[in-house]
Visitor: 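My questions all concern the structure below.
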Number of protein chains: 2
Amino acid sequence: MAASTLTEVARLAGVSPATASRVLNGSARKPGKDIAERVRQAADSLGYIPNAQAQGLAKSSSGLIGLIVHDIADPYFAAIARGVQEAAREQRKMVLLATTGGGPAEEKEAVAAFAARRADSIVIAGSRSCRDEDRDGNTELAAELDRYCRNGGQVAVVGHPVVGATATEGYHVVKVPNQELARQLASGLAEGWDGDFVVVGGPEGLLTSDDRVRGFQEGLERAGRRPAEVLRTGFNRSGGYDAGLQLAARIKAARSGEAPAPRLCIFAVNDVMAIGAAAALRSEGLRIPRDAAIAGFDDIETLRDFRPALSTVRLPLEDIGRIATRSTGPGNHTEEAQGAAADGITGEVTLRRSTEAAA
Amino acid sequence: MAASTLTEVARLAGVSPATASRVLNGSARKPGKDIAERVRQAADSLGYIPNAQAQGLAKSSSGLIGLIVHDIADPYFAAIARGVQEAAREQRKMVLLATTGGGPAEEKEAVAAFAARRADSIVIAGSRSCRDEDRDGNTELAAELDRYCRNGGQVAVVGHPVVGATATEGYHVVKVPNQELARQLASGLAEGWDGDFVVVGGPEGLLTSDDRVRGFQEGLERAGRRPAEVLRTGFNRSGGYDAGLQLAARIKAARSGEAPAPRLCIFAVNDVMAIGAAAALRSEGLRIPRDAAIAGFDDIETLRDFRPALSTVRLPLEDIGRIATRSTGPGNHTEEAQGAAADGITGEVTLRRSTEAAA
DNA sequence: CTACTTCCGGAAAGCGCTTGCCAACTGAAA
DNA sequence: TTTCAGTTGGCAAGCGCTTTCCGGAAGTAG
């Protein structure tokens with residue numbers, strides 16, 4: 001990597017590196033017109049590209065935003081990533097990507113790596129977990145984040161604060177009203193459904209999943225329905241599929257029984273799981289919503305063309321990414337910025353065909 | 001950002017920075033056991049994190065891989081990104097993400113930004129374009145890439161070489177047999193379909209799209225069918241949707257005519273477009289495959305649960321990302337690496353229900 | 001015990017850029 | 001003309017790390 005350097009440009013233009021720096025890489029002081037022109041020409045003719053590492057070192061700031069996701073190929077994260085990317089562009093920064101699979105240990109490593117690169121800010125998009133086996137990992141992650149913040153870094157977390165993090169300066173949480181929205185979803189569903197409800201949740205301790213489960217139960221209770229049974233499974237399509245198989249067996253069994261059991265309404269705590277469950281039911285010859293209703297959460301864009309259209313809760317994922325990123329950026333003390341992050345995000349219950357009562 | 005520095009660690013351990021560097025950040029020379037231990041302890045107690053920028057400056061290499069995509073929320077790119085990410089992890093590097101929307105001008109900027117950050121390699125995943133209005137952009141992009149390669153950078157392009165790029169050193173192309181596969185798809189479809197074919201393609205000049213269109217026509221020709229009409233539209237869902245509306249109107253018109261026109265088989269040059277087209281047909285009350293058959297390309301994972309299951313061509317997107325990234329990495333001169341990149345990628349025609357003849 | 005090789009830490013010179021400070025120069029006010 | 005403020009370019013000191021080179025210590029052989 002032997003690109004031309006500022007010094008070379010300066011020499012060619014017959015000025016000092018200081019002057020060249022001032023004209024090329026934005027400084028408060030603007031050198032005289034003619035000199036500036038000479039420098040610019042020299043830079044052009046050499047194809048000069050400033051060395052961002054050196055700049056970063058000198059200015060101690062890197063123009064980098066670190067983004068942590070579980071899996072970039074998951075459309076949920078991909079959508080958030082798009083928002084982050086956009087906000088990064090507004091701030092004229094670049095996005096560093098880390099995918100962790102969701103473990104706090106990997107997340108801690110990612111944070112350390114970002115810190116090493118002196119990323120100006122970090123956005124953490126994956127769900128927090130408070131499972132026992134993650135406790136140590138969480139502690140370490142929290143410590144790493146605290147240190148990062150203490151050194152002046154900005155952190156935004158989507159959904160829940162990192163368990164155990166104590167930093168206040170530069171630590172932002174973008175709240176997502178999962179519980180509230182799940183409650184609304186349950187109300188909405190309860191209105192048009194008299195059968196039983198089953199929840200297909202992620203592993204216990206996954207905060208996002210837990211919130212949604214809890215909210216859903218609350219909603220049912222308020223509607224005067226009995227609480228739903230909760231199946232725990234993986235927080236992804238294949239988890240949904242497994243649960244779906246299980247439920248399919250149950251539905252078939254019930255069907256062959258004496259009393260025609262009322263239909264089941266399945267709430268999978270995210271869209272991808274819901275699609276998995278739907279696929280499983282279908283593979284067992286069941287039809288939606290005829291034999292069972294199903295609802296998800298997130299309203300993933302790519303899945304909107306799925307048929308029967310999936311009832312779900314629309315979450316403005318791109319906005320979430322954007323808002324999280326903005327909250328870490330310069331000017332994050334303005335009213336709007338504060339407001340946007342504090343008010344959190346609003347979603348919208350969206351009932352579609354997959355939960356229609358009339359089959 | 002005032003993290004502790006190597007010098008501080010060295011001082012605390014009572015050694016010189018040189019020694020500290022040697023023990024902490026892998027060097028050929030390994031200092032004595034006891035000293036190493038002292039240094040490590042000092043580093044630990046200070047919570048030392050090496051400054052990657054400084055390291056990069058000194059070593060002139062950054063441990064960064066730049067990835068250029070059109071849109072990270074597009075599942076096609078997201079899948080490739082996952083592969084890139086994995087390969088990056090193998091190489092213990094981080095991924096810098098740039099989304100460009102597909103224009104060569106933005107791509108050029110991204111390359112420049114990566115060059116400025118001294119990224120060790122760059123992976124370009126978006127389709128190349130040879131449209132007239134992109135000519136200048138392409139030229140500049142090519143120039144930027146050439147310069148980057150000349151300075152020792154490694155570039156991998158997925159699909160097609162960048163139009164006009166002349167660099168040979170460090171310039172890799174991961175070939176994707178779009179044309180060949182589209183031909184096979186046409187053959188496969190022609191076997192079970194006697195109606196007409198229509199191709200829904202992206203804008204003319206988009207190389208990936210053009211290849212697929214061309215291959216498809218070849219396949220039809222070899223099967224003794226007359227060439228398909230080609231509709232040009234956007235290379236995304238909404239383009240597919242628009243084309244779908246148009247075709248729906250046509251199908252309905254034909255249906256009300258005297259002679260019952262044979263059914264149409266629609267080939268959309270990528271899955272997302274196919275889904276869009278399918279949605280449009282459906283919204284017009286048409287059913288697939290009863291009223292029209294439809295096929296896509298890519299076999300996007302998230303879309304596999306779509307019903308009717310979409311006939312398509314399976315592309316190992318994750319592998320593509322991985323192979324592209326590996327081809328730019330260290331040891332890319334080994335046989336396998338060379339082979340993998342040179343042989344390119346293989347895909348597989350996958351016929352599913354969306355093109356079944358019996359409706 | 002001397003001569004020669006090995007090994008190991010440390011000093012110091014960068015890597016490419018920014019920026020505080022200084023000196024020189026400008027123009028205006030006195 | 002002198003004085004003073006206001007500019008403007010350049011010098012040089014870093015930013016935090018790597019790496020070459022060097023001298024001293026230790027090990028081996030003669």
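Order of the sequence lines fixes the chain letters, A, B, ..., with proteins taken first and strands second; residue numbering starts at 1 for each chain. Every value quoted in this text rests on a predicted model; they were computed, and no experiment measured them.
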Visitor: Calculate the interatomic distance between B/I49 atom CD1 and D/dC17 atom C1'; express it in whole Å.
Guide: 15 Å
Visitor: Is B/E90 salt-bridged to B/R326, going by a charged N under 4.0 Å from an acidic O?
Guide: yes
Visitor: If you check every side-chain atom of B/Y48, which of D/dC17, C/dT18, C/dG10 has the closest atom?
Guide: D/dC17
Visitor: D/dT18, C/dC17, D/dG9: which one has an atom nearest the side-chain heavy atoms of A/A54?
Guide: C/dC17
Visitor: For the side chain of A/T19, starting at C-beta, report the closest nucleotide among D/dG10, C/dG10, C/dG16.
Guide: D/dG10
Visitor: Check whether the side chain of A/R22 and the base of D/dG10 form a donor-acceptor pair under 3.5 Å.
Guide: yes
Visitor: Would you kindly give the CG-to-P distance between A/N51 and D/dG16, to the nearest whole Å?
Guide: 16 Å
Visitor: Can you measure B/L6 atom CG to D/dT18 atom C1' for me and round it to whole angstrom units?
Guide: 9 Å
Visitor: Quick one: do A/E86 and A/R89 make a salt bridge, cutoff under 4.0 Å?
Guide: no
Visitor: Is the closest basic N to carboxylate O distance between A/E144 and A/R147 below 4.0 Å?
Guide: yes
Visitor: Pick the closest DNA chain C nucleotide for B/A58 and for B/S16 by heavy atoms, then say which residue is nearer the 5' end.
Guide: B/S16
Visitor: Distance check needed: C/dC17 P versus A/L46 CG, whole Å only.
Guide: 12 Å
Visitor: Closest to the A/I35 side chain: C/dT18, D/dG9, D/dC17?
Guide: D/dG9
Visitor: Round to a whole Å and report the spacing from CG of A/N25 to P of C/dT18.
Guide: 4 Å
Visitor: Roughly how far, to the nearest 0.5 Å, is CG of A/D120 from CG of A/L64?
Guide: 7.0 Å
Visitor: Return the nearest nucleotide to the side chain of B/S21; candidates are D/dT18, D/dC17, C/dG9.
Guide: D/dT18
Visitor: Can you tell me the distance, in whole Å, between the CZ atom of A/R117 and the P atom of D/dC17?
Guide: 14 Å
Visitor: Check the distance between C/dG16's P and B/N151's CG and give it to me in whole angstrom.
Guide: 11 Å
Visitor: Could you give the distance from CD (B/Q85) to CD1 (B/I65), rounded to the nearest 0.5 Å?
Guide: 9.0 Å
Visitor: A/L57 CG to C/dC15 C1': how many Å, rounded?
Guide: 9 Å
Visitor: If you check every side-chain atom of B/A18, which of C/dG10, D/dC17, C/dT19 has the closest atom?
Guide: C/dG10
